[in-house]
Structure formats: C-alpha cells, structure tokens
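Below is one structure, written out as structure tokens, with a few remarks after it.
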Amino acid sequence: MKTTSYISRQVENLKPSGIRRFFDLAAQMDDVISLGVGEPDFVTPWNFIEQSFHALEQGYTSYTENAGMIELREEISNYLSGSFQLDYDPNEQLVVTVGASQAIDLALRTVVEPGDEVIVVEPSFVAYVPIVSLAGGTPVTIQTKAEDDFKLKPEQVKEAITPKTKAIMLCNPNNPTGTFLNKEELQQLAKVIEKNDLLVLSDEIYAELTYDDNYTSFPSIEKMKERTILISGFSKAFAMTGWRLGYAAGPADIIAAMVKIHQYTMMCAPTMAQHAALEAMKNGRQSVQEMTESYKQRRNFIVSSLNEIGLSCPNPGGAFYAFPSIKETGLSSAEFAEQLLQEEQVAVVPGEVFGSGGEGYVRCSYATSIKQLDEAMERMKRFVEKRL
Amino acid sequence: MKEIEVELLKLIEKNANLKVEKIAKLMGKSIDEVSELLRDLEEKKAILGYSTLIDWAKVLDTEEVTAMVDVKVTPARGVGFDKVAERIYRFPEVKAVYLMSGAYDLSVSVKGKTMTEIGKFISEKLSALDSVLSTTTHFVLKRYKHDGIILHDDDDDDKRIVVSP
Ligand SMILES: Cc1ncc(COP(=O)(O)O)c(C=O)c1O
C-alpha cells in the first residue's frame, strides 16, 4: 500500500528544513569543527541537574498542572519582573511549554485563522514560516538588509501590512544574524504596530545574551504588553536545550486559549525539567552571567577574526551567532558552506536556509570553545585566501 | 579594581598560557592596552606568577605523594600564629599553609616523592619545632578535582549534533 497519498497536502507541501540537508552532509564527516550548532556548548549547570535528580528521588514523576507547576510560574513571574520590569500574573498570564518551540506553535495556533497573514522578519529562525503555515495562516516575509545591520525598519513593516495582517513575529536578539534592537528602535516599531492594531509574538529566548546595550523587552514598551505574547525559554541562556522547557506570557484570555490547546495536545511540560528550571530561576544568575561573559569574549574574537580573514561581519549585539558576508569569495552561501566543509571540515550554515535575504551570508555559531574557534578561524582563513 | 582588570584576571586564571594577542581579541581591547594592564597587575602583585597545572602521574613512573597535615601550635606573644606559620611555610616541601578555625590551627600541605620522605620531614622538621604541639597526617589517595579543575575528566567530547537550527 502506498501511503504517501494519506499525508495531508499541507504537510506534503511543507519544505524540509535546509538545516536538515546540511546536517546530513556534515554528520558523515570526521574531525568536523562545527560552527553550525544553534545551542550552547556548556553543559547545564550542575545545581539544575542535581535539583532534578532530587525531585526524581522524591518521586516527582507525575503530571503537573497543565500550565506548569505554580511554583515555577511564580519564579518565572519574579524573574520577568526583576530582569525586564514586566508584570505577569503567574496564575493567569503564564504557561510553561515544551521549549519556546511549543510556545510559538501554541501562540500561532491560538490566534491564526485561515487567510490571516503573519509577518515574519527574515533572515529568521527556521521554524516561524512553517508553523504559521501549519496554523493555517499565510506567512508574509520581510527581508532585513545588511546595510541596515539586518535591523527591521518601521517602513518595512508598514509596506508589508495588508488588511489581512493579523500578527508580526519579532525575534530580538535575532537568530541567525545576532542583530540586537535597542529601546528606541523597538519604540519606532511599536508605533506602526499600534497604529495597525497588530498582535506581536515576541521571541526573546536570547534576551539574556546581549553584550553591549541594556536589553528592553518588547512588552515593557508602553501599550505593547496588551498586544504581545512574550515567548522565551531555558534552552539558550540557561544551557538547557535538551530539557525542552520554555514559556509564554501574555494577556490572560490568550494564555487561557493557549492552555486549552496545551491541555489536549501536551498535558504539561516534562516534570523533571520543570524542577530543574525552578532551580535555574532561583539560583541560576551566577551561571548565566559567567556563560554570558564567555560568549561576549568569543563574539569579540570571532568577529575580529572574520573581518581579518576578509569576510566582512558587523558586530552582532546578541545571541551567539555571527553572520558574515561571503560575497567576496564569489560563491553562493550553499557553495561556500559545502566547499568549506569538504576542504577544511568546518561546518557553518548557509544563510539562505534562514530565508532568501540570507543568501550571500553564512551563520557561524560561536557557542564553541576558544580552542575550537581558533582552529576554525585558521581553517577558514586558508579556505578564503584561495578564493580572494 | 576595575571591571576590565577582573575580566582579564579571570581569563588568565583559567588559562595562563593565553597569548596577549588572543586576550586582546577576546576582550575587544588593543594589545598595548592588555600588556599595560598585565604590567600594572604584576607590579601591584595582583598577579603573583603564572603556573601550570600538571598531572604528574601521566609523565612520571612514580606518583608524587601529598599529605595534608593538621598542626596544633602555641601562638607566640605579639605575633600570634604568623611567626610559626612562617617557620613552616619556608620549607620547600611545604606547598600550602592555611590558618584554620576549629580543632587545629594550621593546615599544611606537604609534597614528597615517597611516604617515607614525607614521614621523615614531619617527624624531623615539623613536629620538632618548639611551638608545634601535635600533628595529624592524612595522605592523599586520589585527586578528583584540583583548583577548580576536574582531573581524569576524559569525557569532554561534544555531545551536540553537528548542525542545528
Ligand atoms: C529564535 C529561536 N526561538 C526559539 C528556539 C527554540 O528553542 P527551544 O529549545 O526553547 O524550543 C530557537 C532555537 O534555536 C531559536 O533560535
């Protein structure tokens, strides 16, 4: 029996992620230094892990409340208020999810109706466009430009808006460009957003990982909290990718609607991970600060090295990605990444997998030890010198 | 102390082998700035030296022996424990001396080639000091972690998948 015809057209039409294809290539090779990884190289801080052991020993192996343990929601609420001056009611305005990924999925499924347009700012995290489509919406993409340091401009948002536009996805700091938007830039965007009555999905999973300026959370901007679903999680700043834990905060009615989907499709986020996250919220500051300091040094290192090599790279203000231009080499970003992998065993991700605006760039993750970064830069230097 | 001094010290505390050029790049400063900072820190003795953490067991046939000795002493009038501590820490066999609260006064770490050699040092030199009342010697059997570094930790391979979103 041929089963392909049973697969829904929508899923059938979904493009497989370009990341996946590149992963298959890289995974076959030995001695690869990977700058292709979108997660921390740090192992989860020991006290988080140990707290999870303790919870398991105590027998915390059952479901939690659908929205997540109330103690955890309270701690997240305190954290959001302490770190970002945000005021969310842990009972009604927070839901703990299986990664920020599920929070994005829940949010989009909750608000999108067939025909609704959702603006996605590219180059972007690879999941936004497919999730909008799966939710039945129409993704409308905006391409940020290198000459603007990949910063989203209010005029670009204006141009993309149609009567069908319902929401906009923002990601600050951004994956894959590392672009950081400061308070003023966000305020400019907020004006257009308010004028056009858009809902905002603000993915702030990299909020802790900013290196030069103070961070402004989008819902902390005047009048934005009431129209923003804040999405974040423990994966990046707390080095907890494998635990699969994130959360969303927003208006009570929207969160309640998200919890409705969550209770039928997921029940709750993993209990042992929630216990680890509780420790992360209570006693994680120091670890986050140390990791952030380390990322900042690596960022300084990789950005100056890339520029020395001849791959021009603006200074990214956050996350752990550098996004240099490879246009000088005359190669497309896919050619560059493939040849670099074959010749020098360094994996980077071709920019085009993050949207058409990413062509001509590659994403280099610097969540890797200095020793590895150093070696990777040597290899890339050799590679680029042959082509300039 | 300034923030950049702290950042610099933390970097070289973890790796004394970092070249100035590398440090400059990591900190986003010029090589001259970093050299100057280092010179200042050396002058004010914030940096006391650059040592290397070695697992001698990997190179020598015989492992070195370390003993932690709890020492009870009579403090001297006017100078307290400092004078007797000095008498002890001047011996090259002694690698560390701490004044402790609790059941004894000085914690002394002694290194030697063999247990006999350390025993000899303790009975002939340490215990023989007038102000030393008693010693209790504990030999180190295995080092798991030293100065923040986990030894025999060969499990440092990257467990992440090569490419991810
Ligand atoms: C911008 C962005 N949002 C969300 C996620 C998903 O994170 P999580 O592990 O919390 O699902 C990622 C992971 O790469 C990301 O880069």
Are there more than 12 heavy atoms of other residues, nucleotides or ligands under 6.0 Å from atom CE of B:Met115? no
Quick one: of A:Glu308, A:Met29, A:Arg298, A:Gln372, who has the most non-hydrogen atom pairs under 4.5 Å with chain B? A:Glu308
For B:Ile161 and A:Phe23, which heavy atoms make the closest approach, and how far apart are they? CB-CE1, 3.7 Å
Non-hydrogen contacts under 4.5 angstrom with chain A: give the residues of residues 119-138 of chain B involved, or none if there are none. none
May I have the step-by-step check of salt bridge (Lys or Arg N to Asp or Glu O under 4.0 Å) for B:Lys10 and A:Glu293, ending in yes or no? CA-CA 10 Å; B:Lys10 277 182 161 163; A:Glu293 180 162 306; 3.6 Å; yes
Checking heavy atoms, do the side chain of A:Phe42, its backbone, both or neither come under 4.5 Å from chain B? neither
Quick check against the 3.5 Å criterion: does A:Arg363 have a side-chain atom that pairs as donor or acceptor with the backbone of B:Pro165? yes
For chain B, which candidate among A:Lys296, A:Glu39, A:Gln297 shows the most heavy-atom pairs at distances under 4.5 Å? A:Gln297
Where on A:Pro40 is there a heavy atom nearer than 4.5 Å to chain B: the side chain, the backbone, both, or neither? backbone
Are there more than 12 heavy atoms of other residues, nucleotides or ligands under 6.0 Å from atom CD of B:Glu13? no
With rounding to the nearest 0.5 angstrom, report the CG to OG distance, B:Asp158 to A:Ser369. 8.5 Å
So does B:Lys145 have more than 12 non-hydrogen atoms from other groups sitting under 6.0 Å from NZ? no
Which atoms of A:Ile302 approach chain B - backbone, side chain, both or neither, heavy atom under 4.5 Å: neither
Between B:Ser164 and A:Val37, is there a donor-acceptor pair closer than 3.5 Å when you use the side chain of the first and the backbone of the second? no
Does A:Gln342 have more than 12 heavy atoms from other residues, nucleotides or ligands lying within 6.0 Å of its CD? yes
Find the distance between NZ (B:Lys22) and CG (A:Asp374) and round it off to the nearest 0.5 Å. 3.5 Å
Just checking B:Arg87: does its CZ atom have more than 12 heavy atoms from other residues, nucleotides or ligands closer to it than 6.0 angstrom? no
Select, from A:Val43, A:Asp41, A:Val303, the one with the greatest count of heavy-atom pairs under 4.5 Å involving chain B. A:Asp41
Side chain from CB out, backbone as N, CA, C, O: work out which of these in A:Ala337 comes under 4.5 Å of a heavy atom of chain B, or both, or neither. neither
Leading residue by heavy atom contact count with chain B [cutoff under 4.5 Å; candidates A:Ser365, A:Ala127, A:Ser305]: A:Ser305
With a 4.5 angstrom heavy-atom cut-off, is it the side chain or the backbone of A:Asp24 that approaches chain B, or both, or neither? neither
So for atom OH, which belongs to B:Tyr50, do other residues, nucleotides or ligands contribute more than 12 heavy atoms lying within a distance under 6.0 Å? yes
Could you tell me which residues in residues 24-40 of chain B have at least one non-hydrogen atom under 4.5 Å from a non-hydrogen atom of chain A, sorted by residue number? B:Lys25, B:Leu26, B:Met27, B:Gly28
